[in-house]
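Since the structure comes first, as structure tokens, the remarks are kept for the end.
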Amino acid sequence: MPSPADKSERFLARHRGTTPLLLPNAWDPGFAKVFETLGFEAIATTSSGHAATLGRLDGGVTRDEVLAHAAAMVEAVDLPVSCDFENGFADDPETVAANMELAVATGLAGGSIEDYARRSDEPIYEIGLAAERIAAAAEVAHRGAAHYVLTARAENYLRGNPSLDDTITRLQRYQEAGADVLFAPGIRDAADIKRVVESVDLPVNVIAVPGAPTIAELGALGVGRVSVGGTFAAVAAGAVAQAARELLEQGTYGFGALANEGRTVMRAAFTSD
């Protein structure tokens with residue numbers, strides 16, 4: 001199995017490839033193995049998908065649960081694993097740094113810290129504090145033998161403030177604070193994505209959502225990485241719901257064809273060498 005340092009180095013280098021790194025977000029170790037078998041080069045966790053496996057909504061998982069989940073994902077695959085570490089599970093930079101030490105210790109290749117403060121009156125951290133939080137996380141992420149790839153997330157577009165100017169300013173501050181990758185989930189317009197990419201010097205992550213440019217188009221815009229967030233987990237839930245409704249309401253078994261494909265993938269992913 002590659003060492004954490006090897007995986008982190010490979011993960012970071014792939015962000016500057018000739019095509020975007022495609023980063024599927026897995027919600028449990030089994031599906032991490034499935035994505036590895038299908039040929040992906042790295043795996044990310046998903047906060048909403050992980051929460052769903054526990055019967056909860058996004059944001060309903062504790063720090064310790066996330067750390068245990070991340071360790072299990074790292075153990076399941078030989079690929080680099082990046083963790084959705086939400087807001088670092090703290091407001092102040094010192095505690096964010098302490099929590100980052102715990103994340104690094106799991107063997108993760110990287111992870112994200114977002115600027116969502118989880119308060120209705122002020123959902124996004126003030127930009128100075130937000131940058132300090134990234135700087136504190138970066139200091140921990142980069143001081144060990146393995147260069148933990150830190151992604152800084154600007155949450156404006158998901159939290160009621162779709163200001164491209166403010167988002168770019170934040171990403172630039174996070175770049176200065178020591179992030180390795182920048183991410184503003186919710187931006188989908190090609191012109192806006194191009195402006196973000198041209199405004200920073202670090203690789204930019206874009207989330208794959210309906211209406212966004214294709215992977216080829218994103219590559220032409222200079223995007224370094226494309227992730228899916230909780231979408232694959234939601235697709236799985238949707239497929240199960242459709243199959244269950246067919247059984248309940250129609251009494252037929254058309255879902256069997258899709259099940260056969262799933263069995264083939266699982267046999268390939270779960271068979272020991």
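Heavy-atom basis, side chains included; hydrogens, waters and symmetry copies ignored.
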Got [X] and [Y] here, is their nearest side-chain heavy-atom distance under 4.5 Å?
{"X": "Ile207", "Y": "Phe183", "result": "yes"}
{"X": "Leu38", "Y": "Val34", "result": "yes"}
{"X": "Asn161", "Y": "Ile124", "result": "no"}

Give the cluster check for [X] versus [Y]: same hydrophobic cluster or not, with ILVMFWY residues linked at side-chain heavy-atom distances below 4.5 Å.
{"X": "Phe270", "Y": "Val265", "result": "yes"}
{"X": "Val140", "Y": "Phe89", "result": "yes"}
{"X": "Leu21", "Y": "Leu218", "result": "no"}
{"X": "Val61", "Y": "Ile43", "result": "yes"}
{"X": "Val223", "Y": "Val209", "result": "no"}

Minimum heavy-atom separation for [X] and [Y], please, with both atom names.
{"X": "Ser199", "Y": "Gln172", "result": "O-NE2, 3.1 Å"}
{"X": "Asp91", "Y": "Ala117", "result": "OD1-O, 4.3 Å"}
{"X": "Leu158", "Y": "Gly186", "result": "CD2-CA, 4.2 Å"}
{"X": "Ser82", "Y": "Phe11", "result": "CB-CZ, 3.8 Å"}
{"X": "Asp58", "Y": "Ser47", "result": "OD1-OG, 2.7 Å"}
{"X": "Leu221", "Y": "Pro213", "result": "CD1-CG, 4.3 Å"}

Would you check if the side chain of [X] reaches a backbone N or O of [Y] as a donor-acceptor pair within less than 3.5 Å?
{"X": "Glu246", "Y": "Tyr253", "value": "yes"}
{"X": "Gln175", "Y": "Asp201", "value": "yes"}
{"X": "Glu126", "Y": "Leu129", "value": "yes"}
{"X": "Thr53", "Y": "His50", "value": "yes"}
{"X": "Asn87", "Y": "Asp115", "value": "no"}
{"X": "Thr106", "Y": "Leu102", "value": "no"}
{"X": "Thr271", "Y": "Ala268", "value": "no"}

Gap separating the [atom1] atom of [X] from the [atom2] atom of [Y], nearest 0.5 angstrom:
{"X": "Leu247", "Y": "Arg245", "atom1": "CG", "atom2": "CZ", "result": "13.0 Å"}
{"X": "Met1", "Y": "Asp6", "atom1": "CE", "atom2": "CG", "result": "12.0 Å"}
{"X": "Asn25", "Y": "Ser227", "atom1": "CG", "atom2": "OG", "result": "5.5 Å"}
{"X": "Arg133", "Y": "Glu94", "atom1": "CZ", "atom2": "CD", "result": "11.0 Å"}
{"X": "Arg195", "Y": "Leu164", "atom1": "CZ", "atom2": "CG", "result": "4.5 Å"}
{"X": "Arg153", "Y": "Tyr174", "atom1": "CZ", "atom2": "OH", "result": "11.5 Å"}

Is Glu217 paired with Lys194 through a side-chain N to carboxylate O contact shorter than 4.0 Å?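 Not counted as a salt bridge, because no side-chain N and carboxylate O are separated by less than 4.0 Å.
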
Is any NZ, NE, NH1 or NH2 atom of the basic residue among Asp166 and Arg170 found under 4.0 Å from an Asp or Glu carboxylate oxygen of the other?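 Judged by the 4.0 Å cut-off on N to carboxylate O distance, Asp166 and Arg170 do form a salt bridge.
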
Partner of Phe232 under ring pair (Phe, Tyr, Trp, His ring centres under 6.0 Å), chosen from Trp27, Phe40, Phe35: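 The residue from Trp27, Phe40, Phe35 that satisfies ring pair (Phe, Tyr, Trp, His ring centres under 6.0 Å) with Phe232 turns out to be Phe35.
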
The test is side chain to side chain contact (heavy atoms under 4.5 Å, CB included); show your working for Leu22 and Glu41 and say whether it passes. CA-CA 7 Å; Leu22 302 183; Glu41 300 173 77; over 6 Å; no

Judged by modelled atom types alone, do [X] and [Y] share a side-chain donor-acceptor pair under 3.5 Å?
{"X": "Asp180", "Y": "Tyr148", "result": "no"}
{"X": "Thr19", "Y": "Arg14", "result": "yes"}
{"X": "Thr167", "Y": "Asn156", "result": "yes"}

Between Ile113 and Ile134, does the side chain to side chain contact (heavy atoms under 4.5 Å, CB included) criterion hold? Intermediate values first, please. CA-CA 7 Å; Ile113 297 287; Ile134 294 300; 4.0 Å; yes

Around atom CD of Glu261, are there more than 12 heavy atoms of other residues, nucleotides or ligands at under 6.0 Å?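 Not more than 12 within 6.0 Å, no.
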
Might you work through the side chain to side chain contact (heavy atoms under 4.5 Å, CB included) test for Asn99 and Phe85, ending with a clear yes or no? CA-CA 9 Å; Asn99 291 340; Phe85 207 49; 3.9 Å; yes

So Leu79 and Lys7, side chain to side chain contact (heavy atoms under 4.5 Å, CB included) or not? Walk me through it. CA-CA 7 Å; Leu79 299 179; Lys7 288 192 282 189; over 6 Å; no

For Thr46 and Asp84, run side chain to side chain donor-acceptor pair (under 3.5 Å): C-alpha distance rounded to whole Å, both residues' side-chain angles, the deciding distance at 0.1 Å, then the answer. CA-CA 6 Å; Thr46 159; Asp84 180 348; 5.4 Å; no

